[in-house]
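Step one of this worksheet: look at the structure below.
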Protein chains: 2
Amino acid sequence: MAEKRRKVGNPLALAVLAEMVIEPMHPYEMGRRLQEHGKDRSIKYNRSSLYMVVEQLVKAGFIAERETVRDTQRPERTVYAITDAGRAELYDWMRELVAEPKQEFPQFGVALSLLAVLSPEEAVTLLQRRLTALTAQLDEVTGLITESTDRGLAWIFLVEEEYRRVMLDAERRLVTDIVQSLQQPEYVRQWHEVMGRHT
Amino acid sequence: MAEKRRKVGNPLALAVLAEMVIEPMHPYEMGRRLQEHGKDRSIKYNRSSLYMVVEQLVKAGFIAERETVRDTQRPERTVYAITDAGRAELYDWMRELVAEPKQEFPQFGVALSLLAVLSPEEAVTLLQRRLTALTAQLDEVTGLITESTDRGLAWIFLVEEEYRRVMLDAERRLVTDIVQSLQQPEYVRQWHEVMGRHT
DNA sequence: AGGGGAATAGTTGATGCTGACTAGTCGGCT
DNA sequence: AGCCGACTAGTCAGCATCAACTATTCCCCT
């Protein structure tokens with residue numbers, strides 16, 4: 001119920017645990033799979049963070065070193081396996097993430113909360129640029145979804161892209177509405193009135 | 001056009017610059033205003049980060065120490081003022097934030113991309129819990145918006161709450177849809193089929 | 001047979017962030 | 001006249017992050 005502070009908080013750690021539930025693995029391999037399955041579109045992936053996170057997971061007792069292989073060629077690879085504590089952490093963390101929405105701070109929210117520093121006219125121009133970009137992103141995601149569905153990829157693996165699509169669509173609608181409002185003299189008058197004090 | 005790496009990247013720095021465009025100020029005061037105007041709902045605020053960010057802004061030449069006041073009582077306060085470079089940075093940064101959507105990694109996206117580690121039945125239960133929480137948050141935001149509008153607060157100061165409302169609403173719809181899908185045997189069958197290999 | 005690019009695998013330094021702590025002051029209650 | 005809690009204001013140690021770097025091997029082209 002209450003939210004605990006995770007010993008390892010980086011979402012990449014969650015992905016690592018999820019990979020290791022399937023089979024023991026060395027870090028580089030985890031990264032490779034993450035990218036291969038496009039998980040890096042939803043989880044910020046960075047190789048150095050990966051090694052960091054693996055180290056932290058070991059310290060926390062969620063994974064353990066299994067063996068160090070050097071198969072005649074290639075650099076040395078350390079293979080890790082998930083522990084019982086790690087499995088417990090994975091499920092507990094997943095449950096929390098799914099069931100409890102957490103306050104986040106999207107960049108665009110920051111921009112909107114300070115929108116008043118710009119002039120209404122400039123805001124309109126900039127928001128229209130955003131609209132173009134959003135439309136492009138929407139097309140990209142929609143394309144990816146249709147293409148994957150056609151290739152017979154199971155629905156469960158596309159739900160995160162569907163999420164992205166829905167959020168992009170909602171944002172696009174909102175931006176369109178704001179642009180509309182900013183073109184009505186009534187709103188612009190109010191803006192200038194409020195901002196009159198400074199600048 | 002191209003995105004530069006900001007010398008100071010913390011969004012709190014942007015809020016600081018925006019406050020200082022109005023008048024010179026000491027850090028604590030900036031923090032107080034941020035909270036007073038509810039900007040801390042959109043911008044992650046933390047006192048220690050604030051002092052950090054001010055230091056960074058000084059180093060980058062975006063703000064400058066103006067005077068150190070000790071008015072007989074209270075601890076020493078250092079007042080800072082924005083520089084021309086700072087003003088330029090503020091506008092440039094705002095333009096980028098408004099016009100160019102940036103890839104972010106919301107927690108729920110992470111959860112969805114790994115949803116398959118849970119059982120469909122548990123996923124449904126958890127998503128229903130999320131639904132309740134989302135509805136509560138929606139009510140809160142909607143309440144805040146109506147109340148503020150009634151008090152005559154200008155529309156421009158509520159646009160960030162409107163953004164939050166729209167996003168929450170879209171997420172709620174999506175979660176509802178997912179729950180619906182997960183209750184159709186066809187989808188559950190597919191899930192088990194795909195997951196059959198491991199676990 | 002050798003040179004260059006891509007892939008494999010991992011390390012490190014420099015910087016950023018924040019929870020926990022310090023420390024003075026005001027006001028009010030008793 | 002003394003104590004408590006809230007507010008004001010700032011500092012700091014420790015952990016997290018990531019761009020850039022190192023180093024080895026594979027394999028294709030000429």
Side-chain angles (χ1 to χ4, degrees), chain A residues 3-16 19 24-36 40 43-60 62-63 65-80 102-105 110, chain B residues 3-16 19 24-36 40 43-60 62-63 65-80 102-105 110:
Chain A
E3 67 215 60
K4 324 154 219 182
R5 276 71 194 133
R6 304 270 156 204
K7 290 204 197 137
V8 187
N10 193 324
L12 194 51
L14 189 70
V16 166
E19 293 284 350
M25 223 174 290
H26 60 102
Y28 192 84
E29 171 71 8
M30 298 169 209
R32 220 188 38 69
R33 293 198 186 186
L34 239 77
Q35 290 182 105
E36 207 173 67
D40 59 336
I43 298 167
K44 188 158 36 177
Y45 170 64
N46 184 298
R47 246 211 336 286
S48 11
S49 307
L50 177 62
Y51 287 99
M52 172 78 48
V53 143
V54 165
E55 210 174 285
Q56 287 165 208
L57 286 171
V58 171
K59 251 181 228 151
F62 295 146
I63 63 177
E65 195 170 317
R66 165 152 299 187
E67 52 181 340
T68 300
V69 192
R70 143 146 276 165
D71 46 65
T72 357
Q73 84 275 60
R74 299 262 157 238
E76 201 171 70
R77 292 162 305 153
T78 307
V79 176
Y80 296 90
K102 200 185 155 298
Q103 242 268 64
E104 290 180 273
F105 299 90
V110 175
Chain B
E3 67 215 61
K4 324 154 222 186
R5 276 71 196 135
R6 304 271 157 204
K7 288 201 198 144
V8 187
N10 192 325
L12 194 51
L14 189 71
V16 166
E19 293 284 350
M25 223 175 290
H26 61 101
Y28 192 83
E29 171 72 8
M30 296 170 211
R32 220 188 39 68
R33 292 197 187 186
L34 237 77
Q35 290 182 105
E36 209 172 66
D40 59 338
I43 299 166
K44 187 156 44 174
Y45 170 63
N46 184 297
R47 247 215 329 291
S48 11
S49 307
L50 177 62
Y51 287 100
M52 170 82 47
V53 143
V54 165
E55 209 175 286
Q56 286 165 206
L57 286 171
V58 171
K59 249 181 230 154
F62 295 146
I63 64 177
E65 195 171 317
R66 165 151 298 188
E67 53 182 338
T68 300
V69 192
R70 141 146 279 164
D71 47 64
T72 356
Q73 83 276 59
R74 299 259 157 245
E76 201 171 72
R77 292 163 307 153
T78 307
V79 175
Y80 296 90
K102 200 186 154 299
Q103 241 268 61
E104 290 179 274
F105 300 89
V110 175

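Here the structure is a predicted model, which means the values were calculated and not measured. Proteins get letters first, then strands, A, B, ... in listed order; numbering begins at 1 in each.
Using a 4.0 Å heavy-atom criterion, one finds that B:Lys44 contacts the sugar-phosphate atoms exclusively. Residue-level contact check: A:Arg32 touches the backbone only, with heavy atoms under 4.0 Å from sugar-phosphate atoms and none from bases.
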* Asked: Where do A:Glu36 and A:Arg33 land on the salt bridge (Lys or Arg N to Asp or Glu O under 4.0 Å) test, with the steps shown first?
  -> CA-CA 5 Å; A:Glu36 207 173 67; A:Arg33 293 198 186 186; over 6 Å; no
* To do: Walk me through it: do B:Leu12 and B:Leu34 pass the test side-chain contact (heavy atoms from CB on, under 4.5 Å)?
  => CA-CA 10 Å; B:Leu12 194 51; B:Leu34 237 77; 3.6 Å; yes
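Toward the 5′ end of DNA chain D lies the nearest nucleotide of B:Met52, the other residue of the pair A:Pro11 and B:Met52 mapping further downstream. When the nearest nucleotides of DNA chain D are assigned to A:Val53 and B:Ser48 by heavy-atom distance, the more 5′-ward of the two goes with B:Ser48. Residue order along DNA chain C, read from the 5' end via each residue's closest nucleotide, puts B:Leu50 first among B:Arg47 and B:Leu50.
As rounded to whole Å, 14 Å separates atom P of C:dT18 from atom CG of A:Asn10. As rounded to whole Å, 15 Å separates atom P of D:dC18 from atom CD of A:Glu55.
Looking at A:Tyr80 and A:Phe62, their side chains never come closer than 4.5 Å, going by heavy atoms from C-beta outward.
Which of D:dG10, C:dA9, C:dG19 sits closest to the side chain of B:Asn46 comes down to C:dG19. In the set C:dG10, D:dT17, D:dA9, D:dT17 carries the atom at the smallest distance from any side-chain atom of A:Ser49.
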